[in-house]
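A quick write-up on the structure given underneath.
These numbers come from the heavy atoms of this one structure, side chains and all, not from hydrogens, waters or symmetry mates.
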Amino acid sequence: MKELPKAYEPKNYEDKIYKKWEDSGLFNPDVCVKKGVTEKKAPSFSMALPPPNVTGTLHMGHAAMLAIQDVMARYHRMKGDKTLWVPGTDHAAIATQTKVEKLLVAKGLKNPRQELGREKFLEEVKKFAQQSHDTIVNQCKKMGSSLDWSREAFTLDEQRNLAVRTIFKMMYDDGLIYRGYRIVNWCPHCLSTLADDEVEYKEQTAKIYTFKYGKDFPIAISTTRPETKLGDTALAVNPKDKRYKKYIGQVFDVKKFAGGPDLKIKVVASDEVDMNFGTGALGVTPAHSLVDYEMAQKNKLPIIKIIGEDGKITGDASKNYEGLTAKEARRKVVEYLQQNNLMEKEEEAPNNLSVCYRCGTPIEPLPSQQWFIYVNKPIKARGKKSLKQLMQAAVKNKKIEIIPERFNKTYFHWIDNLRDWCISRQIWYGHQIPVWYCLSCAELDSLGVKQVTGETVVPRSEKLVPIVSIDAPETCPKCDSQSIFQDPDTLDTWFSSGLWTFSTLGWPNKSEDLENYHPTSVMETGYDILFFWVARMILMTTYALGEIPFEKVYLHGLVRDEQGRKMSKSLGNVIDPLDMIAKYGTDATRLSLLVGNTPGNDMKLSEEKIVGFRNFTNKLWNISRFMLLNIDEPKMDILAPNPKTNADKWILAKCQIVIESVKNYIDRYQFSSAGEELRRFTWDELADWYLEAAKVEGEKSQVLNFILNTLLKLWHPYMPFVTEAIWQEMYGPVAILMVESWPKALDEFYGQDYGDMVNFEFIAYIVSEIRMLKMEKGIEPAKKIGALLNVGNKEKLLRGNEEIIKALARLEKLEFVKSGAEVALDLAGAVDTTKEKARLEKEIQELKKYTVGLENKLANKEFVKNAPKEVVEKEQDKLNEVKSKLEKLQQQFENLK
RNA sequence: GGAUGAUUAGCUCAGCUGGUUAGAGCGUUGCGUUCACAUCGCAAAGGCCACUGGUUCAAGUCCAGUAUCAUCCACCA
C-alpha cells in the first residue's frame, strides 16, 4: 500500500528525473550495452536530431520535433534496440551573423563588421552562438529528450570542419566543384550570395514603364527596372511576331541612353518572349537577370555589369550614373525618358519582388565569381550518375521512404528544376572555403594589386589559381612562395548540415559509430526544410558514402496558432514551450503536440488543448494512485496473473489488444493514433469500468500490479516524466522505467476466446442501460431504486456479477426474472411513462429503418453474388441481431401500456 | 502559370488497402460532492462527410470536374 499525493505536480519531479536519466548514462547506447540493458547484438535504431539554429531559442515547432523523435527513441530503447539519438546545433551562417549584426547595431555600432574586423566580429558571433546553444540544450532537456549528450555535435566544430574540408576536396578532385563567373542572387544587405531557394518572393504592385531606348529606335520595351537598361545589349522578340520579324538580326546604336552610356542593341529572336505582354519586346540585360543571361549565352551577347555588389551603379559602363543606388538611378532614368518624350506608358501592375529570406532586402541578380557544385555532371566513382540522378534514385528505388508519401512528388519536382548549387558566401561566420591562392603565381598587376601587405584585399579574380587542400598549406606547391592566402569566402550553411548524419558519427574517420549507426533509421523534420536540408543530405551522403543517409523521412507539419496563423513575434501569438512546461508540465505539452494531428499537415495549437492533456496527466496519476492503494506490494517483474472474474478476463484481454495496437501504430509512424488508443484504453476501459468493478470485487493486487506496470510502460514514450515518477514511487529511486522492456502481447488472454471479453461487456451494457433508463425517467443517478433483469440465457453471468451491477448502476435491489423486457426499473408508480414511450418509439422507428435497409441489401441478388461471403454473413448476422432487439423494444413498449 | 493539401458535429481534427446505424477531444445541455481524481463522474443533444457527375453489389473512402481556402514551385520582362 503506497499513497501518492492527490495531484501530480510536474515541477516536483521533472528536473530531478531528467538529471537521474542523464547521470545514469543510459541515453548512450554503449552504456546500455555495458549495463546489460541492451543486448550487444541487438539491432540498432539511430536518429540525428535536426540541429536547431543557434540564433535564439526553441519554439513549438522544435518542441513537436523533439517530442516525436523522443517517442521513437524511447520506444525503440525499451524494445531492446541499440538506440542512438545524436544531438547538436547548427551554426546557421547567414542567419546567425545577421542576428548578431542587428544586436551590435542595437548596441550602438554603425557598421559592426567594418568597425570590428573579421576576428573580433567572429568572437562576438561565437559568444552569441554559445549562449544560444546553452539555452537550446537546456530546452531540449526540459522537453525530456533522451539525447545522447556525450555525442553532441555542432555544424561548425572541429570534427565537422574536418568533414567539410574533406568532402570539399573530394568533390573538387572529382570535378564536381568549380569556380565560375555566373549570375548569382546577391543580397546587397548581407553582402553575400544566396542559393536559389534562399530567395523569397513578395507580392507587390510595381510600376511598369514602357519606353524606347532612343528617338530613332523602332521598338518600345516594357520594364519594371529601367535602371538596369543601362546594361542592355539586346532586345528579344518572338520569332513569330509579324511586327518585329524584319528587325531580327539588326543591331542598333543607341547614343547616350538616358544621358548615360552608349548601347549596342541587337534584336534577337526567342520563343520565350510573350507577344501579348507589353509591347511584345523584351530588353535584354544579361548581367542582371537570369533569363536574360541565358538568352545572352545562346546568342553570344556581351554581358555588361552595371550594378555592383554594393547595390550601386558601377563606373565601368555607366557614365553619369556611377555611384548612384539602383533606386536613384531609376529615378534619373525615368526622368530623362519623360523629359525626352521617350516614355510611352507608366502603369501599375502586380509583380513579385525577390527578397532575401533572412533580411527581406530585394535581391540583386548580378554576375560574380563564385564556387558552384555541378548537379548534372556524371560522377565516375558513382557509376557515372550525376548528383541529381543519385538524389532521384535514392527515393525512386524506395531506399528512402518519405512519410507522407505525397512529398515524393514535391521532391522529384524540385530536383528536376535544380540548377548548379552556389556554395560560396561572402559572410564571415561559417566554414571558410579550403582553398588557397598564391600571390606569387598570379600576376598581381593585372589584379590591380600593387603591394601585398597583411591587410591587402585581393579582388576576386579567375586569374588566381586555386590550391584546394584539406589542411592549410604553408607554401605554394607550385612556386614554394609563402605569400599564399585563403579564400575569404565561407560555405553555404547547408553544405555542412548536409553531412549531418555521417559527420556526427565521426566521418571521415572510419569510426565504429559510423559502422553501427549509419545509415540512420529515421530523419524526422519539418516539411519546410525538405529542399533546404533533407535533399542536400541525400545529395551529400549518396555522393560521399555511396549510401543513403536515412531509411525513412518523417515530415511533420508546422505548429500554428489557434487561428491557423504562423507563430511570430511580430504577431505576438507565440506560445513558448517553456511557459507551457512551467504551467502544465512537459508531458502535457508533449501530448498536445503528439496527439490530434497527422504527418505533413500543419497543426493548430491552443493553450486549451494543453490544459486538456494536463488534465489527462493528472488522471493517469490518480488512476495509478488508486491502483497503488489496492496493490499489496508492487512487483516490478510480475507475471501476468490468472484472471478470476469476468472483469479480470476482460481487462487483461483489452490490455493485450492495446499493447498490440500501440505497437502497430508506432511501427507505422501513426503516433497520434497510438496515443489516442492508449488514452481510450486508460480512461474509457480501465478507469471507467475496470477500476469501478475492482472497487466492488476487491482483492485485485496482482492484476492491478500487472496492468499498472504495463500501462506505465506503454505511456512512457509519450509521457516520460509522470510515468517515471510513478515508477519510482513504486519501485524506489534506483529503478528506471526508461530502460524497462516493452510489453509483449500475450496470446492466452485473448487469442482463443473472445467470449470472456464479451461477457463483461454485456455487464457493462446492462449497467449503461439501467443508468440510461434512470436518466430518462428523471431519477437522480444517486437515488437507489430496484430493478428487474430478464436473465434470458445469461443467468449465470448476470448472477455472478450482481454486486457489480448493483454498485455501478446504483441499485438497492436487483431481481432476476425470466420474462418481460431485458431491463425494467422498479419504479414504484408515479413516473412519467409518456416520456419513456416517446423515447422507445423513436428508437423503434430508427431500428425499423435500419432493418429495412439491411433487408433490401440482402434481397439484392447482385450483392449476394458479388460481395465476399464474410460480408454477406455479417450483414445477415446484423439483421438477426437488430430484429431481436427490435422485438424486445416493442415488448417493452407494449408493457408500458 | 504548374503542383500539392484541406473541405467530415459549434470548434480542433481522426477515419490506413471501399463493406458496423460515420468517430474522438474540446465546447454545449441536463443531473451529480459514490471513500483515485471537480484537473472528476453519469447521461444527452449535435453530421444530405464542400458541390456535380462517374465506377461498383457497396463510396466519407476510388475516378473526373467545379468551388472555396491554404501551402509550395516557377516567374512575364
Side-chain angles (χ1 to χ4, degrees), chain A residues 3-4 6-8 197 201 208 221-225 228 236 272-274 276-279 281-285 289-292 349 351-352 354 404 406-407 409-410 413-414 416-417 527-528 530-531 557-558 562 564 584 588 595-598 600-606 608-609 611-630 665 668 670 672-673 676 679-680 684 687-688 691-692 695 768 771-772 774-776 778-782 807-810 846-847 849-850 853-854 857 860-868 870-872 874-875 877-878 882:
Chain A
E3 196 163 341
L4 300 180
K6 274 207 155 197
Y8 174 59
D197 36 26
Y201 294 89
I208 298 185
I221 55 160
S222 301
T223 181
T224 52
R225 299 200 56 192
T228 62
E272 283 166 54
V273 176
D274 181 354
N276 300 319
F277 187 92
T279 60
L282 166 68
V284 182
T285 320
S289 151
L290 193 67
V291 183
D292 293 10
N351 168 263
N352 273 343
S354 53
R406 65 184 141 94
F407 282 97
K409 226 176 181 175
T410 343
H413 184 248
W414 179 79
D416 290 342
N417 288 315
Y527 66 76
D528 51 326
L530 177 62
F531 306 138
L558 267 46
E562 294 167 81
Y584 309 109
V595 177
N597 60 75
T598 38
N601 290 330
D602 294 351
M603 53 179 129
K604 289 177 194 169
L605 183 71
S606 61
E608 290 86 80
K609 194 174 171 187
V611 170
F613 284 111
R614 188 272 317 266
N615 295 352
F616 178 72
T617 312
N618 189 59
K619 182 77 183 178
L620 181 67
W621 177 265
N622 271 291
I623 286 169
S624 307
R625 181 176 131 90
F626 172 76
M627 289 171 89
L628 277 175
L629 286 173
N630 292 280
Y665 279 132
R668 281 178 286 154
Q670 298 181 17
S672 180
S673 301
E676 280 179 64
R679 193 200 47 74
R680 194 192 51 70
D684 302 351
D688 289 352
L691 295 187
E692 292 306 319
K695 284 177 189 169
S768 294
R771 284 173 179 168
M772 222 168 74
K774 282 171 94 175
M775 194 65 69
E776 287 295 334
I779 299 163
E780 293 164 17
L808 300 200
R810 315 234 86 213
E846 272 170 21
L847 277 182
K849 232 164 92 192
Y850 185 36
L854 283 172
K857 203 174 193 180
N860 184 341
K861 280 177 196 160
E862 294 296 308
F863 170 71
V864 178
K865 202 173 76 188
N866 289 320
E870 307 93 67
V871 175
V872 179
K874 230 172 159 183
E875 296 298 302
D877 289 349
K878 255 191 270 172
V882 173

Taking only the C1' atom of each, what is the distance from B:G5 to B:U21 in whole angstrom?
31 Å
Please give the distance between the P atoms of B:C42 and B:A36 as a whole number of Å.
15 Å
For A:Asn622 and A:Lys6, indicate whether the former's side chain and the latter's backbone hold a donor-acceptor pair under 3.5 Å.
yes
With a 3.5 Å distance limit and no angle check, can you tell me whether A:Arg771 reaches the backbone of A:Leu808 through a side-chain donor-acceptor pair?
yes
Derivation and outcome, salt bridge (charged side-chain N to carboxylate O under 4.0 Å, His left out), residues A:Glu846 and A:Lys849:
CA-CA 5 Å; A:Glu846 272 170 21; A:Lys849 232 164 92 192; over 6 Å; no
Can you check the [X] [atom1] to [N] [atom2] distance for me, whole Å?
X: A:Lys604; N: B:A14; atom1: NZ; atom2: P; result: 11 Å
X: A:Glu692; N: B:A36; atom1: CD; atom2: C1'; result: 9 Å
X: A:Arg810; N: B:C31; atom1: CZ; atom2: P; result: 18 Å
X: A:Lys774; N: B:U34; atom1: NZ; atom2: P; result: 14 Å
X: A:Glu846; N: B:A22; atom1: CD; atom2: P; result: 11 Å
X: A:Gln670; N: B:U17; atom1: CD; atom2: P; result: 10 Å

Identify whether any heavy atom of [X] sits under 4.0 Å from a base atom; if not, whether one sits that close to sugar-phosphate; answer base, sugar-phosphate or nothing.
X: A:Leu847; answer: base
X: A:Thr224; answer: sugar-phosphate
X: A:Asp197; answer: nothing

In terms of side-chain geometry, is the basic nitrogen of A:Arg679 or A:Glu676 positioned less than 4.0 Å from the acidic oxygen of its partner?
no
Would you tabulate the nitrogen or oxygen pairs shorter than 3.5 Å linking the protein to nucleotides 56-61 of chain B?
unit_1 : atom_1 : unit_2   : atom_2 : d
B:C57  : OP1    : A:Asn866 : ND2    : 3.3
B:C57  : O2'    : A:Asn860 : ND2    : 3.2

Please report the shortest heavy-atom distance between [X] and [Y], naming the atom on each side.
X: A:Ser624; Y: A:Leu620; value: OG-O, 2.8 Å
X: A:Leu605; Y: A:Lys609; value: CD1-CD, 4.3 Å
X: A:Thr285; Y: A:Asp292; value: N-OD2, 2.7 Å
X: A:Tyr201; Y: A:Ser354; value: CE2-CB, 3.7 Å
X: A:Ser672; Y: A:Gly596; value: OG-N, 2.8 Å
X: A:Ser222; Y: A:Gly278; value: OG-CA, 3.9 Å

Contact letters for nucleotides 38-45 of chain B, in which S counts primed atoms plus P, OP1 and OP2 and B counts the base, heavy atoms under 4.0 Å:
-BSSBSS-
Taking the cut-offs as 6.0 angstrom to the six-membered ring centre and 45 degrees off its axis, would you call A:Lys878 and A:Tyr850 a cation-pi pair?
no
Assign each of A:Val871 and A:Tyr527 the nucleotide of RNA chain B bearing its closest heavy atom; nearer the 5' end lies the nucleotide of A:Val871
Nearest-nucleotide 5' precedence on RNA chain B, A:Thr598 against A:Asp684
A:Thr598
For B:A36 and A:Lys695 - does any side-chain N or O of the residue sit under 4.0 Å from the phosphate oxygens OP1/OP2?
yes
Interatomic spacing from OH in A:Tyr8 to CZ in A:Phe616 - rounded to 0.5 Å:
13.0 Å
Grab the stems for RNA chain B, please: at least three consecutive Watson-Crick or wobble pairs, both distances below 3.5 Å, written as range with range.
B:1-7 with B:67-73, B:10-13 with B:23-26, B:28-32 with B:40-44, B:50-54 with B:62-66
